[in-house]
K.L.:
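Provided herewith is a single structure, encoded as structure tokens, for subsequent inquiry.
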Amino acid sequence: MVGIFSLVTGWPGPSGFGSATTAEQVTEGIDASNLTVIITGASGIGAETARVAALRGAHVIIAARNMEAANETKEQIVSSNSAARVDAMKLDLNSLKSVRSFADNFVATGLPLNILINNAGVMFCPYQLSENGVEMQFATNHLGHFYLTNLLLDKIKRTAKESGVEGRIVNLSSIAHLHTYPEGIQFDGINDRSRYNDKKAYGQSKLANILHANELSRRLQEERANVTVNSVHPGLIMTNLMRHSVTQMKVLKIFTYMFWKNVQQGAATSCYAALHPSLKGITGKYFLDCNEKEPSNLAKNEKLAKQLWAFSEELVKSAQPL
């Protein structure tokens, strides 16, 4: 009941922020001029996260499939902030070849990498397979980001070691991780069309985002790497992510309007996890409305997280083009 009250009223939690906090408010006074940030996705929450990170001085790399949208977002940011440092690079998360190409191209720039925000995604799409033959929501929301993160991990760790500045990885998950298949992840039928449910498949991919963050966090702690990994739920926001269920979402919004956020509020938790100094050293956590929350029991299952990691490694290995 307290959680619902805070969500509806915007009442701040222990962090001093709440559901009504905007990304600008949560980063007020933060100097990110020494940071390089990669954000996947060029619209909605990703675009606002990029704008605010650039506003705080960070060098922002927008990684997106739609380069027209990415360049448009870049131009909008620069037009409102002439000092902004923003670049756009091609990244198609449902293509492992594209993910590898992006990572190679980024490393070739010689830039450091302090923060990776795995933001982009698809939602409730009809059954289809990725370029590499993996169910689209799992492929885009989880597997593409899993592979991207692994490819950039050495760069993030090296940047943190050389600069002395903590590296951060942020996975955008969702409260939808609560609504998944009974076993959490359908390891034995990830591409099974007969068992496909667009809502549960989305929940499965969002559960995978948390499990990935938790297992990576555990591994980095074992290495004593100066890199944290957390996952966030941005809140309910009407963005292009909902293009496969616009009518359904609009009807839902009529009856649940008090729970919805605007994009400025939706980007707040991502910016909080990526930039706020109070989270220094905090890793393997799940955040909602800029406050730490408990995810589902499945999301906290260490055995499931390890199983997903091994499964994802095998998928990447078998799905890569010859």
Side-chain angles (χ1 to χ4, degrees), residues 23 35-54 58-74 77 86-107 109 111 113-123 125 130-132 134 136-153 155-156 167-174 202 205-206 208-210 212-213 216 227 229-234 237 239-243 263 266-267 269-271 273-275 312 316:
L35 304 177
T36 300
V37 183
I38 291 177
I39 302 170
T40 66
S43 63
I45 295 169
E48 177 65 4
T49 303
R51 184 188 72 81
V52 173
H59 183 180
V60 176
I61 312 297
I62 299 172
R65 178 182 59 82
N66 185 335
M67 287 305 292
E68 184 179 344
N71 284 314
E72 184 177 332
T73 296
K74 173 185 172 179
I77 293 172
V86 185
D87 290 301
M89 294 177 65
K90 176 78 172 181
L91 169 67
D92 186 348
L93 286 162
N94 68 40
S95 164
L96 296 181
K97 182 179 179 181
S98 176
V99 174
R100 163 64 77 175
S101 178
F102 170 84
D104 288 345
N105 290 338
F106 175 78
V107 171
T109 67
L111 289 169
L113 179 57
N114 304 94
I115 300 169
L116 172 62
I117 303 177
N118 291 319
N119 164 84
V122 293
M123 179 180 184
C125 57
S130 72
E131 177 183 297
N132 303 102
V134 179
M136 187 64 77
Q137 295 193 80
F138 189 82
T140 305
N141 298 348
H142 166 65
L143 193 64
H145 281 127
F146 173 84
Y147 188 41
L148 175 68
T149 304
N150 279 358
L151 291 174
L152 294 175
L153 198 55
K155 169 63 77 172
I156 297 173
R168 294 188 183 184
I169 299 169
V170 180
N171 279 2
L172 261 75
S173 179
S174 169
Y202 179 69
S205 70
K206 295 290 100 179
N209 292 148
I210 301 176
H212 169 221
L216 179 55
V227 180
V229 195
N230 293 296
S231 49
V232 306
H233 168 49
I237 307 104
T239 69
N240 288 339
L241 184 63
M242 296 178 177
R243 59 187 174 275
V263 173
T269 308
S270 299
C271 289
L275 296 172
S312 301
V316 167

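Only a predicted model underlies this, so the values are computations on that prediction, with no experimental measurement involved.
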K.L.:
Can you list everything that forms a side-chain contact (heavy atoms from CB on, under 4.5 Å) with Ala54? Sequence neighbours excluded, please.
P.N.:
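Testing Ala54 for side-chain contact (heavy atoms from CB on, under 4.5 Å), a comparison that skips the adjacent residues, returns Val60, Ile77, Ala84, Val86.
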K.L.:
Any idea which heavy atoms bring Val99 and Tyr147 closest together, and the distance?
P.N.:
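Scanning both residues completely, I find the closest heavy atoms to be CG1-CD2, 3.6 Å.
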K.L.:
Under the rule for side-chain contact (heavy atoms from CB on, under 4.5 Å), what residues qualify as partners of Ser101, not counting sequence neighbours?
P.N.:
Asn105
K.L.:
Would you say the side chain of Arg100 lies within less than 4.5 Å of the side chain of Leu151, judging by non-hydrogen atoms?
P.N.:
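Yes. Closest side-chain heavy atoms under 4.5 Å.
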K.L.:
State whether a side-chain donor-acceptor pair under 3.5 Å links His145 with Asn171.
P.N.:
no
K.L.:
Report the C-alpha distance between Leu153 and Ile169 in whole Å, list the side-chain angles of each, state the deciding distance to 0.1 Å, and finish with yes or no for side-chain contact (heavy atoms from CB on, under 4.5 Å).
P.N.:
CA-CA 9 Å; Leu153 198 55; Ile169 299 169; 3.9 Å; yes
K.L.:
If every non-hydrogen atom of Phe106 is compared with every non-hydrogen atom of Met89, which pair is closest and at what distance?
P.N.:
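In terms of heavy atoms, the two residues are closest at N-CE, 3.6 Å.
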K.L.:
Going by heavy atoms in the side chains, are Thr109 and Asp87 under 4.5 Å from each other?
P.N.:
no
K.L.:
Over all heavy atoms of both residues, which pair between Gly41 and Asn119 is shortest? Give the atoms and the distance, please.
P.N.:
CA-ND2, 4.1 Å
K.L.:
Using the test side-chain contact (heavy atoms from CB on, under 4.5 Å), find all partners of Ala47 that sit at least two apart in sequence or belong to another chain.
P.N.:
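Listed in chain order: Thr73.
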K.L.:
To the nearest 0.5 Å, how far apart are OG in Ser130 and CG in Leu143?
P.N.:
7.5 Å
K.L.:
Would you name the heavy atoms of His142 and Ser312 that are closest together and state the gap between them?
P.N.:
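So the minimum-distance heavy-atom pair works out to NE2-OG, 2.7 Å.
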K.L.:
If you round to the nearest 0.5 Å, how far is CG of Asn132 from CG of Asn94?
P.N.:
8.0 Å
K.L.:
I need the Asn230 CG to Ser270 OG distance, nearest 0.5 Å.
P.N.:
11.5 Å
K.L.:
What are the two closest heavy atoms between Ala88 and Lys74, and how far apart are they?
P.N.:
N-CD, 4.5 Å
K.L.:
Before you tell me yes or no, could you show the steps for Thr149 and Val229 under side-chain contact (heavy atoms from CB on, under 4.5 Å), namely the whole-Å CA-CA distance, both residues' side-chain angles and the distance that decides it to 0.1 Å?
P.N.:
CA-CA 11 Å; Thr149 304; Val229 195; over 6 Å; no
K.L.:
To the nearest 0.5 Å, tell me how far Ile156 CD1 sits from Leu116 CG.
P.N.:
5.0 Å
K.L.:
Identify, with sequence neighbours excluded, every residue that meets side chain to side chain donor-acceptor pair (under 3.5 Å) alongside Asn209.
P.N.:
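If we apply the side chain to side chain donor-acceptor pair (under 3.5 Å) test to Asn209, skipping adjacent residues, the hits are Lys206.
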K.L.:
Give, for atom CD of Glu72 and atom CE of Met67, the distance between the pair rounded to the nearest 0.5 Å.
P.N.:
12.5 Å
K.L.:
Does a side-chain heavy-atom distance below 4.5 Å link Ile39 with Ile62?
P.N.:
no
K.L.:
Does Asn141 reach the main-chain N or O of Val122 with its side chain, forming a donor-acceptor pair under 3.5 Å?
P.N.:
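Yes: the side chain of Asn141 pairs with the backbone of Val122.
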K.L.:
Output the distance between atom CG (Asn118) and atom OG (Ser231), rounded to the nearest 0.5 Å.
P.N.:
11.0 Å
K.L.:
Could you list the residues that satisfy salt bridge (Lys or Arg N to Asp or Glu O under 4.0 Å) with Arg168, not counting sequence neighbours?
P.N.:
Glu166
K.L.:
Which residues satisfy the side-chain contact (heavy atoms from CB on, under 4.5 Å) test with Ala63, sequence neighbours excluded?
P.N.:
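Ala63 satisfies side-chain contact (heavy atoms from CB on, under 4.5 Å) with Ile38, Thr40, Leu91, Phe102 once adjacent residues are dropped.
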K.L.:
Has the side chain of Lys90 got a donor or acceptor atom that lies under 3.5 Å from a matching backbone atom of Ser98?
P.N.:
no
K.L.:
Determine the minimum heavy-atom distance between Pro234 and Ile45, stating which atoms define it.
P.N.:
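Taking Pro234 first and Ile45 second, the nearest heavy atoms are CB-CD1, 3.6 Å.
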